[in-house]
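Written below as structure tokens is the structure these notes are about.
Remember, it's a predicted structure, so these values are computed and weren't measured experimentally.
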Amino acid sequence: MLTEHSLELFLVPFDKVTYSTLDIVGLCGQRWDVELYLRHLKTTLGMDVLRCQTPSMIRKEIYVYLLTYNLLRSLMWSAGTSYGTPPLHLSLQATRHHLNNFIPKLLATTSTKRLQIYRTLLKVIAHKGVSDPSYCWR
């Protein structure tokens, strides 16, 4: 019987010949990293609390977060490859911050200046990389 203080543990049987104890421990470590990355992602994008009430709207809300994530990763990739910074060394949170700061400038300008402002945004993102790439969500 489950209570609020109980813990369930699900084990997947592994072939002891194929997988050593070290392999299994390594997989558990990778699984923990995935949990940490997802928590960081949810916090960074503000999706730690979903605001919609119906399953249909929650699904749409999650899709918007996924689109946002892909937009940010695309910016990180473009910035990194354009300015010689490995994209995995860039911060998702910093990219989000810089994009939010540049949106008013991008919207308030003419189309001819928009490309110049966009390139400046990429340069800012690329040059504000993080020193410890293990901190970044990969």
Side-chain angles (χ1 to χ4, degrees):
M1 179 172 164
L2 290 178
T3 67
E4 69 178 81
H5 300 291
S6 64
L7 172 70
E8 280 192 64
L9 181 61
F10 294 95
L11 298 175
V12 177
F14 284 100
D15 177 7
K16 292 179 183 179
V17 175
T18 306
Y19 300 101
S20 70
T21 302
L22 277 170
D23 290 334
I24 295 170
V25 168
L27 288 173
C28 289
Q30 289 176 357
R31 165 69 184 187
W32 181 251
D33 287 343
V34 168
E35 292 291 336
L36 292 177
Y37 295 150
L38 286 173
R39 184 175 69 186
H40 173 69
L41 174 66
K42 288 178 3 182
T43 302
T44 300
L45 295 181
M47 61 184 289
D48 45 339
V49 176
L50 297 175
R51 286 150 185 88
C52 293
Q53 302 295 319
T54 66
S56 171
M57 289 303 294
I58 289 172
R59 199 173 300 110
K60 290 175 185 176
E61 186 177 4
I62 290 171
Y63 290 157
V64 168
Y65 283 120
L66 292 173
L67 285 169
T68 303
Y69 174 77
N70 285 328
L71 168 69
L72 293 172
R73 283 289 169 187
S74 176
L75 280 172
M76 292 166 70
W77 181 263
S78 295
T81 56
S82 296
Y83 293 97
T85 304
L88 291 179
H89 289 205
L90 300 174
S91 164
L92 183 71
Q93 188 167 3
T95 301
R96 179 178 161 264
H97 172 77
H98 297 309
L99 177 61
N100 284 339
N101 287 338
F102 271 79
I103 284 176
K105 296 174 185 119
L106 288 164
L107 292 175
T109 191
T110 63
S111 60
T112 53
K113 282 196 88 171
R114 195 168 289 131
L115 183 58
Q116 181 183 0
I117 293 171
Y118 174 73
R119 287 186 181 138
T120 303
L121 169 62
L122 293 182
K123 190 173 186 177
V124 168
I125 291 169
H127 289 54
K128 302 280 184 175
V130 294
S131 57
D132 180 10
S134 66
Y135 175 75
C136 294
W137 199 82
R138 296 179 181 177

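- K113 NZ to Q116 CD: the interatomic distance, rounded to the nearest 0.5 Å, is 5.5 Å.
- Hydrophobic clustering, with ILVMFWY side chains joined whenever heavy atoms are under 4.5 angstrom apart, keeps M47 apart from V64.
- Atoms CG and NE2, from L92 and H40 in turn, are 5.5 Å apart once rounded to the nearest 0.5 Å.
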Take W32 and L36 through the side-chain contact (heavy atoms from CB on, under 4.5 Å) test and state the conclusion after the steps.
-> CA-CA 6 Å; W32 181 251; L36 292 177; 3.4 Å; yes

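- The distance from the CG atom of L122 to the NE2 atom of H98 is 11.5 Å, given to the nearest 0.5 Å.
- Using a 4.5 Å cut-off between side-chain heavy atoms of Ile, Leu, Val, Met, Phe, Trp and Tyr, with links allowed through other members, V25 and V34 fall into different hydrophobic clusters.
- Side-chain atoms of E61 and Y65, non-hydrogen and from C-beta on, do get closer than 4.5 Å to each other.
- Remark: Y63 OH to T68 OG1 distance equals 14.5 Å, nearest 0.5 Å.
- One hydrophobic cluster, built from ILVMFWY side chains closer than 4.5 Å, cannot hold both I62 and L67; they sit in different ones.
- A126 approaches A79 most closely through the heavy-atom pair CB-O, 3.5 Å.
- Heavy atoms only, all atoms of each residue included: L71 and L99 are closest at CD2-CD2, 3.8 Å.
- Minimum interatomic distance between L72 and R96 (heavy atoms only, all atoms of both residues): CD2-CA, 3.7 Å.
- F102 carries K105 over the face of its six-membered ring, with the cationic atom under 6.0 Å from the centre and within 45° of the normal.
- Among residues at least two apart or in separate chains, salt bridge (Lys or Arg N to Asp or Glu O under 4.0 Å) pairs with a member in residues 20-31 are R31-E35.
- A distance of 4.5 Å separates OG1 in T95 from CD1 in I125, rounded to the nearest 0.5 Å.
- Scanning both residues, R119 and Y83, for their nearest heavy atoms gives O-OH, 3.4 Å.
- Smallest separation of non-hydrogen atoms from G80 and P87: CA-CG, 4.3 Å.
- Between the T43 side chain and the R39 main chain, a donor and an acceptor come within less than 3.5 Å of each other.
- The cluster map of Ile, Leu, Val, Met, Phe, Trp and Tyr, joined by side-chain heavy atoms under 4.5 Å apart, puts I58 and L41 in the same cluster.
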Could you please spell out the steps behind the side-chain contact (heavy atoms from CB on, under 4.5 Å) verdict for Y69 and T44?
-> CA-CA 10 Å; Y69 174 77; T44 300; over 6 Å; no

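- Linking Ile, Leu, Val, Met, Phe, Trp and Tyr whenever their side-chain heavy atoms come within less than 4.5 Å leaves W77 and Y37 in two separate clusters.
- When the side chain to side chain donor-acceptor pair (under 3.5 Å) test is applied to T110, the partners found at least two apart in sequence or on another chain are T112.
- Atoms CZ and CG, from R114 and L121 in turn, are 13.0 Å apart once rounded to the nearest 0.5 Å.
- Taking R59 as the reference, nothing meets the salt bridge (Lys or Arg N to Asp or Glu O under 4.0 Å) condition, with sequence neighbours excluded.
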